[in-house]
Amino acid sequence: AHGEVTDEVTIELTHLGADAYTKGDAFLISPIMRDELNRGNLAYMQVYVPGGSTLVRAEGDFYPAFVSDVEIPEGDLAQDQDLKNNHLTLYFDEKTRTEVGSAFGKTVFSNAVMLLPGETKRMTFVYTVPFTLQNKQNLYSLLVQKQAGARIDSFESVFYPPNHLQVVSSEGASTGT
């Protein structure tokens, strides 16, 4: 459609294992911790996009056993009631093993990858947003947030405006690293 906005998010994850905790030839962690860090890591990812967005496709080496709505065992663990009340699973895409839901006014794409030490894997989500860019009065903005405590090594965003529009401001944008 004229002015339709399709976005693509690619996330690349690397499992550094215990090698990330070395100085020269010496390990900076105990042998027990080294063994723990050299195990496989199931990385569960959620991508929050504008509410009403539609998943076009999801690609990646997704964990085949990923299922929607992992159950929390009875006992000392309990689901946070606020999170439970604000999260709604819309559907589970069997082909890509991706959960599509909504939370806090956003559409959420959820999936997982299994990483062994030294492995790098990518996951890509392509989606359309529920608005169009058709005239010079439309604004497009991008807000990127990371999980608290997560280290982000790099971030890149490329915007291709429709041919009939031009970028007039890129406030907050930076180039280089």
Smallest separation among heavy atoms of [X] and [Y], with atom names:
{"X": "G51", "Y": "P130", "answer": "O-CG, 3.1 Å"}
{"X": "T107", "Y": "V100", "answer": "CG2-CG1, 4.2 Å"}
{"X": "L13", "Y": "A43", "answer": "CD1-CB, 3.7 Å"}
{"X": "A58", "Y": "T96", "answer": "O-CG2, 3.3 Å"}

Rounded distance (nearest 0.5 Å) linking atom [atom1] of [X] with atom [atom2] of [Y]:
{"X": "T120", "Y": "L115", "atom1": "OG1", "atom2": "CG", "answer": "7.5 Å"}
{"X": "Y48", "Y": "S110", "atom1": "OH", "atom2": "OG", "answer": "7.0 Å"}
{"X": "Y127", "Y": "T54", "atom1": "OH", "atom2": "OG1", "answer": "11.5 Å"}

For R57, what residues pass the side-chain contact (heavy atoms from CB on, under 4.5 Å) criterion, not counting sequence neighbours?
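For R57, the residues satisfying side-chain contact (heavy atoms from CB on, under 4.5 Å) (neighbours in sequence not counted) are E8, E59, V126.
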Side-chain touch N111/E99, heavy atoms, less than 4.5 angstrom:
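Counting from C-beta outward, N111 and E99 never come under 4.5 Å.
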Are D35 and L37 packed together at the side-chain level, in the sense that at least one heavy-atom pair is separated by less than 4.5 angstrom?
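They are not in contact (no side-chain heavy atoms under 4.5 Å apart), so the answer is no.
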Are [X] and [Y] connected in the hydrophobic side-chain network, where two residues link if heavy atoms are under 4.5 Å apart?
{"X": "V49", "Y": "Y91", "value": "yes"}
{"X": "L90", "Y": "V9", "value": "yes"}
{"X": "Y44", "Y": "Y63", "value": "yes"}
{"X": "V56", "Y": "V108", "value": "no"}

Can you check whether [Y]'s main-chain N or O pairs, donor with acceptor, with [X]'s side chain at less than 3.5 Å?
{"X": "D93", "Y": "T98", "answer": "no"}
{"X": "N41", "Y": "H15", "answer": "no"}
{"X": "K121", "Y": "V113", "answer": "no"}

By salt bridge (Lys or Arg N to Asp or Glu O under 4.0 Å) - contacts of R39 (at least two apart)
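Partners of R39 by the salt bridge (Lys or Arg N to Asp or Glu O under 4.0 Å) criterion, ordered by chain and then number, come out as E36.
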Distance-only side-chain donor-acceptor flag, T10 / T124, under 3.5 Å:
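Yes.
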Check the angle between the aromatic planes of F109 and F125 and answer parallel, tilted or perpendicular using the 30° and 60° thresholds.
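Ring orientation, 0 to 90° scale: parallel.
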